[in-house]
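Data block below; observations after.
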Amino acid sequence: MTTYGRFDDAAREYVISRPDTPLPWINYLGSEQYFGIISNTAGGYSFYRDARLRRLTRYRYNNVPPDVGGRYLYLRDQDSGEFWSPSWQPVRADLDDYRCRHGLGYTVIGGRRAGIDAESLYAVPLGETLEVWRTRLTNHRPGTAHLSLFSAVEFCLWDAWDDATNFQRNLSTGEVEVADDVIYHTTEYRERRNHFAYFACSAPLAGFDTQRDAFLGPYRGWDRPAVVETGRSTGSIAHGWAPCGSHQVALTLEPGEVRDVVFVLGYAENPADAKFDPPGSGRVDKRAVRRVLDRYLQPGEVEAAVERLRDQWRDLLDTLRVATPLDHVDRMVNIWNPYQCMVTFNLSRSASSFESGIGRGMGFRDSNQDLLGFVHMVPERARERILDIAATQLPDGGAFHQYQPLTKTGNDAAGTGFNDDPQWLVLAVTAYVKETGDRGILDEPVPYANVPGSETPLYEHLHRALGYTLDRLGPHGLPLIGRADWNDCLNLNCFSETPGESFQTTENRTGGVAESVFIGGLFTLAAGEAAALAAHLGQHDDASRWRAAARAMDAAVRAHGWDGAWFRRAYDYDGHPVGSAGNEEGRIYIEPQGMCVIAGIGLDDGKAAAALDSVAAELATPHGIMLLQPAYTRYHVELGEISTYPPGYKENAGVFCHTNPWVVIAETLVGRGDRALDYHLRTNPSAREGISDVHRCEPYVYAQMIAGRDAPTHGEAKNSWLTGAAAWNLIAITQWILGIRPDHDGLRIDPCLPAEWPGFSATRQFRGATYDITVTKLPGEQGRVSHLVVDGRRIEGTLVPPAPAGSTVSVVAEIEAPG
Ligand code: GLC
Ligand code: GLC
């Protein structure tokens with residue numbers, strides 16, 4: 001609890017109690033095709049499937065005041081002329097009471113002023129391509145209130161990039177239609193678009209506007225629209241310039257009277273040959289929309305839609321529920337972390353308050369990792385995603401670094417030749433098969449580079465992924481890094497001297513020998529996982545080939561990747577070590593310490609524990625573990641973008657949260673539960689709620705980055721929501737600290753708990769059966785489980801065999817003291 005808000009775990013909501021949070025604290029609406037971002041003051045925007053190519057509403061990035069553009073409402077007292085926004089923005093008139101409840105897939109924002117309470121519930125109903133806002137007005141005055149309620153959205157002209165840049169054209173293309181009080185945004189519908197947006201209101205209208213400048217008036221912003229100030233809509237019809245949608249509703253409320261008004265903003269498509277009604281008229285065929293509106297303009301339907309969302313989330317979250325001694329762990333694992341995993345799964349890195357929605361599509365590396373935190377919730381969607389991603393793999397086993405969600409085809413807009421990419425596919429596929437037991441996916445025909453006719457079984461894609469790395473080994477037998485590996489900013493072949501040039505897409509120098517120890521670790525892990533899968537399938541030749549490849553890479557990492565007290569990071573273009581005690585700056589990096597240990601490298605000879613002790617000594621801060629030390633203080637042309645950030649930010653020694661759970665997992669592998677949990681809590685957003693003035697981002701989701709020790713703002717988070725920190729934290733806590741881990745032959749229960757915990761309990765659904773799990777231990781010990789009691793029967797080891805679907809299994813595990 002802070003001055004900004006608190007968790008309401010029973011309601012699965014975060015409750016914000018003042019509007020001026022340090023940054024906009026956002027939520028997401030929609031999880032299928034129609035999505036929206038919504039801040040605690042109703043800022044944000046909506047889109048259909050693709051944040052760039054099908055943007056419904058406009059948003060002003062990097063604006064002052066921040067977070068301008070949204071789902072705005074204005075209330076005007078027709079007697080006094082006073083007006084305000086019940087969500088505070090955009091008018092920012094003081095409210096007597098303000099609250100925002102961000103829930104799972106919906107948001108409620110309410111405010112009271114001058115005795116009038118207005119609370120809006122925003123949601124995207126399941127199965128629909130629209131959003132509903134239900135505004136409930138209550139008159140707490142002793143007398144009758146005469147009010148006008150105005151709505152306002154600004155339409156985006158579909159392609160958000162063009163919309164923000166190509167004014168010579170798009171200031172002349174905007175069009176709308178208004179029919180039966182519904183506002184239709186129809187820009188470019190006259191020509192090649194078959195889709196349009198609509199904005200409707202349940203109440204009879206006193207007026208409307210669709211031309212932004214008529215609504216706002218000259219030289220005015222959304223905080224003081226002329227129409228709201230005067231209380232009279234103008235009935236404007238947008239021709240060019242900036243189409244908007246605004247309804248005016250006149251309301252007379254008696255004392256104590258409550259009134260609901262519903263707004264529906266939606267997206268619709270018509271068949272290309274049946275766009276107009278009547279045919280050839282140039283007017284949008286609105287019949288399908290009318291049917292949807294008849295339904296959703298009813299207040300009861302909005303409540304029902306939100307109930308369905310709640311039911312859906314209850315079911316999704318039932319997949320895994322835990323009860324541990326710590327609220328910070330429970331609420332993240334039971335509510336917010338899986339929710340964030342759903343959002344990252346859906347949106348990759350495309351649309352947040354830090355991702356503009358115009359830059360990046362679905363990342364190959366990112367989406368494969370996002371899937372790891374999602375697969376247990378909706379395996380069917382994970383399956384579909386795997387097949388989509390694999391279809392963008394290149395014939396040589398490499399990958400398009402991203403693909404656009406609307407077309408599902410790969411592109412090189414964000415660069416190519418990131419040599420870690422293919423291995424993440426192996427990890428995603430093996431995680432999927434372990435979770436579901438669905439081996440059939442491996443036989444699915446999947447093309448390369450989306451070229452029809454090039455299909456092979458998915459299994460062959462794994463072969464090629466592993467082969468890609470083996471075909472590209474450097475002089476130390478370590479993988480060549482290519483453009484970069486997981487760390488986009490370690491650009492060892494780039495040598496960029498041109499200001500502003502993109503490190504991700506610029507032409508690379510050839511002929512060097514830059515190798516990545518990190519990919520060495522990642523490959524060892526992936527080849528081991530592939531070998532286990534092959535063994536499980538009875539493909540023994542593949543299993544032994546891949547096991548041998550993993551062993552060889554492990555040996556190369558030990559021989560050439562070990563620096564004496566930690567794993568090196570890489571070798572540069574000329575073969576000099578990076579992340580080595582001999583370097584002046586960047587002597588130690590986090591990524592290879594986490595990944596090599598996860599791959600099992602050095603567990604048997606003390607290197608793993610030594611590397612992790614170096615992490616503790618050199619990289620750990622109270623705000624999380626920094627990516628490297630010492631930070632780069634000058635530009636290193638041979639290292640690239642990593643040295644462009646000021647010390648302490650992003651990849652240059654920021655706490656890059658994605659990597660912290662790797663170290664948490666690694667600590668559990670060397671048996672140190674105390675340290676694993678301690679590290680986890682340093683970046684756990686709930687555990688940081690009390691320092692919201694320092695952390696600044698939302699306390700209910702992980703952020704990509706927390707400023708490192710070298711930064712003046714040490715502890716300040718940025719880039720919340722869309723980060724691999726979501727999936728990896730869920731895995732680190734649930735699969736490694738709590739130790740509940742799907743495996744090919746069953747569900748493994750192998751926790752590594754902090755000494756003081758007395759144990760925990762959990763319920764996990766796995767392949768249709770429900771496992772009630774109790775883990776006990778004596779306080780003060782950090783041992784492991786050696787046997788289980790499953791439905792009363794003792795089983796040696798830590799693997800619970802799969803139970804028939806529909807059954808409930810009781811599992812009791814006792815952690816024994818070491819030795
Ligand atoms: C960003 C990218 C991710 C990359 C990371 C480190 O989070 O989305 O792909 O691994 O930065 O550079
Ligand atoms: C920048 C960021 C990195 C991100 C990349 C995406 O390099 O520092 O985090 O992954 O851009 O292109």
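Read the numbers this way: they start at 1 and go in the same order the structure lists the ligands and their atoms.
Short contacts between ligand 1 and Glu651, defined as distances under 4.0 Å to a heavy atom of the residue, involve ligand atoms 6 (C), 11 (O), 12 (O). Shown in contact with Phe656 at under 4.0 Å from a heavy atom are these atoms of ligand 1, numbered in order with element: 5 (C), 6 (C), 7 (O), 11 (O). Those atoms of ligand 1 with a heavy atom of Asn487 less than 4.0 angstrom away are 12 (O).
Tyr702 and His658 have their aromatic ring centers separated by at least 6.0 angstrom. A ring-centre distance under 6.0 Å is not found for Trp662 and Tyr679.
Of the charged side-chain nitrogens involved, at least one lies within less than 4.0 Å of a carboxylate oxygen, so that Asp420 and Arg365 count as a salt-bridged pair.
Nearest to atom 2 (C) of ligand 1 by heavy atom, out of Asp488, Leu627, Leu490, is Asp488.
Ligand 1 lies nowhere less than 4.0 angstrom from a heavy atom belonging to Thr723.
By the 6.0 Å and 45° rule, Arg385 stacks over the aromatic ring of Phe345.
Contacts with ligand 1 closer than 4.0 Å are made by no heavy atom of His658, backbone or side chain.
Taking only nitrogen or oxygen atoms, main chain and side chain alike, Gln704 reaches within less than 3.5 Å of ligand 1.
With sequence neighbours left out, the side chain to side chain donor-acceptor pair (under 3.5 Å) criterion links Asn491 to no other residue.
Residue pairs meeting the ring pair (Phe, Tyr, Trp, His ring centres under 6.0 Å) criterion with at least one member in residues 390-417, sequence neighbours excluded: His401-Phe418.
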